Structure formats: C-alpha cells, structure tokens
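Since the structure comes first, as structure tokens, the remarks are kept for the end.
Computed from a predicted structure; not experimentally measured.
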Amino acid sequence: MAMRRSQVIRYALEQYKSYRVPNVTQSLPSWYTKGTNGSLDSWSRCVHGSVALTQKKVGRVPLSSERFPQLKRGDFARVTDGDLQVFERLVPSRVLTEPGDIEGHNVDWSGTCRGAGQVLLRPKTTEEVSAILRYCNGRRLAAVPQGGNTGLVGGSVPVFDEVIISMSLMDKIISLDEISGVLVCQAGCVVDKINEALEPHGLMTPHILGAKGSCQIGGNISTNAGGLRMLRYGNLHGNVLGVEAVLANGDVLDCLSTLRKDNTGYDLKQLFIGSEGSLGIVTAASVLCPRIPGAISVALLGCDSFAQVLQTYDAAKKMLQEILSAVEFMDRASMEVVQENLQLTCPLGAHRYYLLVETSGSNAAHDEEKLNSLLGHVMEKGMVDDGTVATEPSKVQSLWALRENVAVALRADGCVYKYDVTVPMSRFYDLVAATRKRVGTDATRVVGYGHLGESDIHLNVTCPQHSEDVFDALEPWVYEWVAKCKGSVSAEHGMGILKRDYLYHSNTGPAVLLMKQLKGLMDPS
C-alpha cells in the first residue's frame with residue numbers, strides 16, 4: 001500500500017527512533033538474575049519503544065574500588081558540610097545527598113561498576129557547570145560528569161566518592177537552521193527528544209542507538225557513539241561541527257561553530273569527541289542533521305559460510321551504493337536467543353549467519369527494485385541461501401526487532417560478559433569462533449553480532465551467574481587476541497575503567513604518552 005510523503009516521513013523517523021518488540025511487555029513482566037545466595041534479584045525495566053533495562057539492584061553490585069584494588073584514590077579532598085552549602089548557592093535546590101536519590105547514579109547500566117558518590121549536582125547552564133568545576137578545582141574535589149548513564153564500561157559513574165555532575169537538566173534546544181540542517185543544543189538533550197523536535201522539519205540526528213530513549217547527546221559525543229547507521233552517515237567526528245566545553249579549572253571553551261568549513265588553526269572540538277569527559281565537560285554542541293529518508297526498505301538474508309557473508313556485503317555496496325544505510329550481522333546463536341528468550345519470529349529458516357541490509361532513499365519504488373535485484377543476484381550466485389525483502393512498515397519493524405533486541409534477550413540468560421571491538425573484516429567472526437572453543441561448555445552461549453559495515457563485532461558470553469573461570473578465560477585473552485589482529489579493544493562506549501588497563505593494546509607508547517600530556521595540560525590537578 002502506497003503512503004503519502006507525510007506518512008512516509010513520519011514512519012521513517014519512527015524507524016530511526018524505535019523498534020518495538022511485539023508482546024514483550026506482556027510476556028516479560030520483569031527480568032531476573034541469580035543472586036549470590038541463589039535467590040532471584042529483580043531488575044526494573046524501562047520501555048522506550050524497544051525494551052531497555054535499568055540498573056541492577058545496587059546492593060548486589062560490588063564497589064569498583066573493591067573490584068579493582070589496583071585503582072587508588074588520588075590525593076583529593078572529601079566533601080564537607082561547607083562544600084554542600086557552597087553547592088547549594090551555585091545550583092539552588094538541585095543538590096542531592098539522600099542515598100535513595102543517588103544510588104542509581106552510582107551504578108552503570110551494565111550493573112558491573114559502582115561508585116560511592118555522596119553528592120549529585122544538577123546544573124542547568126554552562127555558567128553553573130563552570131562555577132561547579134572552578135570550585136571543585138580550587139578545593140581539590142574530584143568530579144565525574146554523567147549523561148544518560150547508558151555506558152557499559154563504567155566511564156559515567158564514580159570510582160570512589162567523586163562529585164556527580166548530572167547533565168540531565170541541560171536539555172534545551174538552542175537553535176535549528178532548517179536549510180543547513182545544523183542543530184545547536186545543550187548536552188543533556190536525549191536523542192529521542194531531539195528527533196521529536198527535528199521531525200516537523202523533516203530532519204533527524206545522524207546517529208541512532210539502542211539507548212536512544214535515555215542517552216544524551218553530550219554523552220554520545222564524549223564517547224564518539226556510532227550506532228546502527230554509521231555506514232551511511234559516519235561517526236560524530238564528522239557530524240559534530242562545534243562544541244562548548246568547560247575545562248577542569250572552570251574555563252569555558254567556546255568552539256560552538258555551525259560552519260561546515262573552518263580551517264583556522266587546530267580543530268579543538270575533536271579533543272572532546274571520544275575523550276569520555278576526561279579533558280572537560282561538553283555543555284553544548286552543534287550537529288549536522290540529515291534529512292529523514294522518504295523510503296526505507298530492509299532485506300534479511302541467510303548465509304551458511306562467512307565467505308558468503310563477505311561476498312554479499314561487497315555485492316550490497318556495489319549494487320545499492322547511495323541508498324545503502326545499514327548492514328547488520330547476526331550469527332545463529334544471536335537469532336536463537338531472541339527466539340527463545342523473547343519469542344520473536346524469524347521469517348527465514350536456520351542458517352549459520354544472517355545479514356540485515358537496509359536502504360534509505362527518496363523513491364520507494366526505485367529502492368525496492370534495487371534491493372530485489374540484489375536479492376536475486378546473491379541468490380543466483382549462491383552467496384545467499386534464503387532471503388526476504390520488507391517495505392511495509394510493520395514488516396520492516398519486525399525484521400529490525402530481531403537485530404535490535406539481541407542485547408535484551410541475552411539478559412535473560414543471567415550474567416553477560418560483553419565485548420565491543422573492531423577487527424579487520426577478514427577476521428570479523430574468528431574471535432567468536434575462538435571464544436566458543438576457549439570457554440567450551442562453561443558458558444550458556446557465545447554470541448556474535450554487530451555492525452558488519454564498520455567491522456564492529458559484539459562478542460557476548462552468557463552464564464547463569466558470574467563465573468570466575470569464564471571471566472578468567474576471557475580477560476585479558478580477548479583483548480590480547482584483538483591486539484594481535486591490529487584491532488581496537490573499544491569500538492564504541494570508550495575505555496571507562498573496565499578497559500583502562502588495555503589502552504596499550506590498541507595504541508603505541510608514544511600515543512599514550514601524548515594522551516597523558518594532554519590530560520596533564522588540560523587538567524593538571
């Protein structure tokens with residue numbers, strides 16, 4: 001059934017905002033994981049279109065200072081009543097000290113890192129962030145910025161008793177140029193909310209993430225978040241035109257340019273993209289926003305060898321070119337977990353590997369024809385054994401739900417060990433196969449899925465509960481394996497505290513030394 005352009009644009013934005021899992025909220029009223037005493041600890045659930053899980057019960061998460069005894073608290077002051085009085089003057093009525101108000105901000109989304117922060121500050125303006133950092137710098141109080149707290153490596157929560165600076169109230173859209181597509185907004189804007197504001201103008205954010213209902217643009221920038229359509233739109237290094245940031249001493253660095261071309265000196269904004277808040281707190285950004293596509297089509301393809309996967313990807317790039325927006329990969333174990341734990345239905349039979357190929361363009365008939373031509377070609381050449389093309393909204397949504405909800409489905413297995421790494425395309429699946437052989441029957445399942453177009457593999461290993469044997473088999477072996485392949489130990493999410501000891505696995509000694517020098521220059525305390 002043909003849709004009017006207004007309907008297509010609205011539907012297209014919905015695809016970029018959320019993929020809903022049919023009946024999940026009815027069939028899974030809550031999630032559980034085995035506790036240390038054999039009991040079941042309940043997880044709370046937050047639904048933003050697709051299912052998302054919030055923090056685990058805080059009491060069950062060990063303190064990061066105990067889990068990582070090699071991390072030592074620096075020579076920093078501790079917060080006093082006098083400090084609280086100053087904070088109250090700086091951000092009136094937005095100083096939280098009650099444990100019940102703070103505990104969720106001390107634990108990261110993965111439930112693996114917990115700090116002991118006792119103060120949460122909620123500024124609304126750049127000036128307030130500046131005043132907070134200037135005071136903390138003078139008093140030698142350690143601080144940690146926090147966005148939507150959807151990270152997976154402990155980078156957005158305290159390690160010890162750092163002052164937590166929440167950006168959630170800095171959620172104002174400052175300006176939008178409809179012609180150039182440049183949006184200027186505060187760092188605390190949630191990605192879904194930004195898209196709601198962009199929709200009437202036919203625009204959208206250049207990136208889309210599984211945590212889009214709660215992650216904030218400042219956190220995305222600070223971790224250089226990629227997401228599902230980086231293949232089409234690139235990463236934030238290319239789409240962020242300018243940033244405003246507050247340095248550790250409280251100085252405000254205004255690099256909030258809205259120009260696509262500006263070659264006057266060093267491109268300082270790039271220092272804050274991907275540096276995880278270690279060089280300063282991003283308080284505002286200007287972002288180049290593309291048009292919402294007028295048509296979206298999706299193909300789900302089944303392959304029985306990884307050579308076929310690579311051949312199909314190459315064919316998709318050649319035959320789809322300008323309309324290709326995503327190429328996502330799932331192995332059989334990924335498909336099985338969404339079927340078993342979420343009761344989702346795959347329209348294809350059982351295959352060793354699956355590819356989800358998406359096109360986004362302006363002419364639905366043209367795009368569908370090209371996608372069908374691709375399907376016919378890869379099946380005729382024996383690259384693909386089975387496949388289906390979807391253009392109807394509900395069917396597109398159902399196919400995307402299979403890929404988008406692998407992480408959610410894995411949670412139901414119990415404990416999940418997650419690794420998000422990049423490796424050369426030719427070695428993309430070798431890590432999963434090697435891990436499966438290494439852990440053997442000690443794990444419930446070993447799963448590989450991810451962004452094939454960026455050579456970004458999500459390795460996940462599940463167990464009913466935490467297993468020291470499995471953990472010891474995985475770390476540091478996974479990172480050493482990636483390093484030998486000249487890959488990156490962190491494709492997304494940054495280093496945080498979980499990967500800090502493996503920085504040398506993906507960087508040379510001189511590179512790490514320069515990073516330390518930059519840190520010392522911009523935050524000497």
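Taking NE2 of H105 as the start and CG of L120 as the end, the distance is 5.0 Å to the nearest 0.5 Å. Atom OG1 of T97 sits about 10.5 Å away from atom CG of L121, to the nearest 0.5 Å. The OG atom of S286 sits 8.5 Å away from the CG atom of L259 when rounded to the nearest 0.5 Å.
The minimum heavy-atom distance between I165 and A143, with the atom names listed, is CD1-CB, 4.0 Å. Here the closest heavy-atom approach between residue E358 and residue S325 is recorded as OE1-OG, 2.6 Å. Of all heavy-atom pairs between S525 and F76, the closest is O-CE2, 3.6 Å. Residues S488 and S506 approach most closely at CA-OG, 3.4 Å, considering heavy atoms.
Side chain to side chain, Y233 and N239 fail the donor-acceptor criterion of an N or O pair below 3.5 Å. D501 and Q70 form a side-chain donor-acceptor contact under 3.5 Å, judged by distance and modelled atom types alone.
Relative ring orientation between H505 and Y502 is described as perpendicular, the plane-to-plane angle rising above 60° on a 0-90° scale split at 30° and 60°.
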Give the table of side-chain donor-acceptor pairs shorter than 3.5 Å for residues 151-163, with sequence neighbours excluded, one pair per line with atom names and distance.
residue: S156; atom: OG; partner: N149; partner atom: OD1; Å: 2.7
residue: D161; atom: OD1; partner: R73; partner atom: NE; Å: 3.0
residue: D161; atom: OD1; partner: R73; partner atom: NH2; Å: 3.2
residue: D161; atom: OD2; partner: R73; partner atom: NH2; Å: 3.3
residue: D161; atom: OD2; partner: R78; partner atom: NH1; Å: 3.1
residue: E162; atom: OE1; partner: V159; partner atom: N; Å: 3.1
residue: E162; atom: OE1; partner: F160; partner atom: N; Å: 2.8
residue: E162; atom: OE2; partner: V159; partner atom: N; Å: 3.3

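The 12-atom threshold is not exceeded at NZ of K193, counting heavy atoms of other residues, nucleotides or ligands nearer than 6.0 Å. Counted within 6.0 Å of CD on E276, heavy atoms from surrounding residues, nucleotides or ligands total more than 12; the atom is thus considered enclosed.
Of the possible polar contacts, none joining the Q186 side chain to the I174 backbone as a donor-acceptor pair under 3.5 Å is found. Using a distance-only test at 3.5 Å, with no hydrogens or angles considered, no donor-acceptor pair links the side chain of N405 to the main chain of A409.
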Trace of the side-chain contact (heavy atoms from CB on, under 4.5 Å) decision for L141 with Y135: CA-CA 8 Å; L141 292 170; Y135 179 78; 4.2 Å; yes
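Remark: E492 pairs with no residue by the salt bridge (Lys or Arg N to Asp or Glu O under 4.0 Å) rule, at least two apart or across chains.
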